[in-house]
Amino acid sequence: QLVESGGGSVQAGGSLRLSCATSIYIESTYLAWFREAAGKEREGVACISREGIESYAESVKGRFTISKRVIEDTLFLEMHSLKVEDSGMYYCAAGGRCSAAGGLVSDFGVWGRGTQVTVSS
């Protein structure tokens with residue numbers, strides 16, 4: 001039900017735009033982006049509430065922007081000034097709620113398969 005795209009390999013300082021195509025009615029759903037780096041736990045990156053309120057992990061504030069296009073049931077993540085530590089598999093998720101840190105894994109029950117982001121120095 002969730003299909004991510006837009007990942008790739010970029011140099012530090014570059015930008016990427018991730019998309020998540022959904023087959024659900026996103027206007028009434030909390031949506032989030034998570035990432036999982038090699039050897040690390042999955043962590044919340046950004047979350048957007050049903051009302052469009054955004055929340056971000058501290059590590060990405062000011063660099064990443066989450067948005068949604070309700071008419072197309074699509075979620076986006078604009079990523080700028082990318083750092084090597086931003087590398088990982090990025091997942092979109094639906095359901096749950098948004099915590100102040102951008103979302104908790106335990107609050108989301110529908111997941112995509114992920115798209116890989118690799119940032120090189």
Side-chain angles (χ1 to χ4, degrees):
Q1 290 183 317
L2 304 177
V3 180
E4 302 92 339
S5 62
S9 297
V10 296
Q11 288 192 323
S15 300
L16 283 174
R17 186 192 195 209
L18 305 184
S19 299
C20 175
T22 82
S23 59
I24 59 177
Y25 186 54
I26 68 171
E27 189 171 16
S28 60
T29 304
Y30 288 82
L31 298 163
W33 287 97
F34 291 80
R35 67 186 179 192
E36 188 172 326
K40 295 187 177 181
E41 292 186 354
R42 192 171 298 187
E43 62 175 357
V45 174
C47 194
I48 187 165
S49 73
R50 294 174 293 187
E51 298 80 12
I53 299 171
E54 305 161 27
S55 65
Y56 297 92
E58 283 296 325
S59 59
V60 306
K61 279 184 179 178
R63 300 188 297 120
F64 290 13
T65 302
I66 188 171
S67 63
K68 59 182 178 180
R69 189 175 296 162
V70 173
I71 194 169
E72 297 179 354
D73 287 325
T74 303
L75 179 70
F76 302 98
L77 185 68
E78 293 273 358
M79 305 187 294
H80 299 287
S81 302
L82 282 162
K83 303 176 181 180
V84 172
E85 51 265 41
D86 292 320
S87 297
M89 187 69 79
Y90 281 69
Y91 301 89
C92 67
R97 58 181 179 174
C98 292
S99 72
L104 297 175
V105 172
S106 58
D107 286 335
F108 288 80
V110 183
W111 295 82
R113 292 189 174 186
T115 185
Q116 179 68 39
V117 172
T118 302
V119 185
S120 58
S121 59

V84 versus S121: any side-chain heavy-atom pair under 4.5 Å? yes
List the atom of G102, the atom of A32, and the distance in Å for their closest heavy-atom pair. O-CB, 4.1 Å
Other residues, nucleotides and ligands only: do more than 12 of their heavy atoms fall within 6.0 Å of CD on E41? no
Locate the shortest heavy-atom distance separating E27 from K68; write the atom from each residue and the value. O-NZ, 4.3 Å
With distance as the sole test, does E4 use its side chain to make a donor-acceptor pair with the main-chain N or O of C92 at under 3.5 Å? yes
Looking at T22 and D73, would you say the former's side chain and the latter's main chain have a donor-acceptor pair under 3.5 Å? yes
Would you sort out whether E54 and Y56 count as a side chain to side chain donor-acceptor pair (under 3.5 Å), showing the intermediate values? CA-CA 7 Å; E54 305 161 27; Y56 297 92; 2.6 Å; yes
Provide the closest heavy-atom pair for L31 versus C98 in the form atom of the first, atom of the second, distance. O-SG, 4.4 Å
Nearest 0.5 angstrom please: R97 CZ to R50 CZ, how far? 12.0 Å
Nearest 0.5 Å, what's the CG-OG distance between D86 and S59? 7.0 Å
Short question: side chain of T118, backbone of S9 - any donor-acceptor pair under 3.5 Å? no
Answer yes or no: is there a donor N or O on one side and an acceptor on the other, between the side chain of W33 and the main chain of F76, under 3.5 Å? yes
Note: S81 and S15 closest approach over all heavy atoms is N-OG, 4.4 Å
List the residues meeting ring-ring contact (aromatic ring centres under 6.0 Å, His included) with F108, not counting sequence neighbours, and say none if there are none. F34
Please round to the nearest 0.5 Å and tell me the distance separating atom CD of E36 and atom CE of M89. 8.5 Å
Single-linkage hydrophobic cluster V117~Y91, side-chain heavy atoms < 4.5 angstrom: no
If I take atom CG from residue L2 and atom CZ from residue R113, how far apart are they, to the nearest 0.5 angstrom? 11.5 Å
Scanning both residues in full, the closest heavy-atom pair of T74 with I26 reads N-CD1, 3.6 Å
Between the side chain of S55 and the main-chain N/O of S99, is any donor-acceptor distance below 3.5 Å? yes
Quick one: pull up CG in L16 and NE2 in H80 and give me the separation to the nearest 0.5 Å. 9.5 Å
Is there a path of hydrophobic side-chain contacts, each under 4.5 Å between heavy atoms of I, L, V, M, F, W or Y residues, that connects Y90 with V10? yes
Could you measure the distance from the OG atom of S87 to the CZ atom of R35? Nearest 0.5 Å is fine. 9.0 Å
Single-linkage hydrophobic cluster L77~V3, side-chain heavy atoms < 4.5 angstrom: no
Expected output: side-chain T29 to main-chain Y25 donor-acceptor under 3.5 Å: yes
I want to check something: taking the side chain as every heavy atom from C-beta on, are L18 and M79 in contact at a cut-off of under 4.5 Å? yes
Test I48 against L75 for side chain to side chain contact (heavy atoms under 4.5 Å, CB included), laying out the working first. CA-CA 9 Å; I48 187 165; L75 179 70; 3.9 Å; yes
Heavy atoms of other groups near Q11 CD, more than 12 under 6.0 Å: no
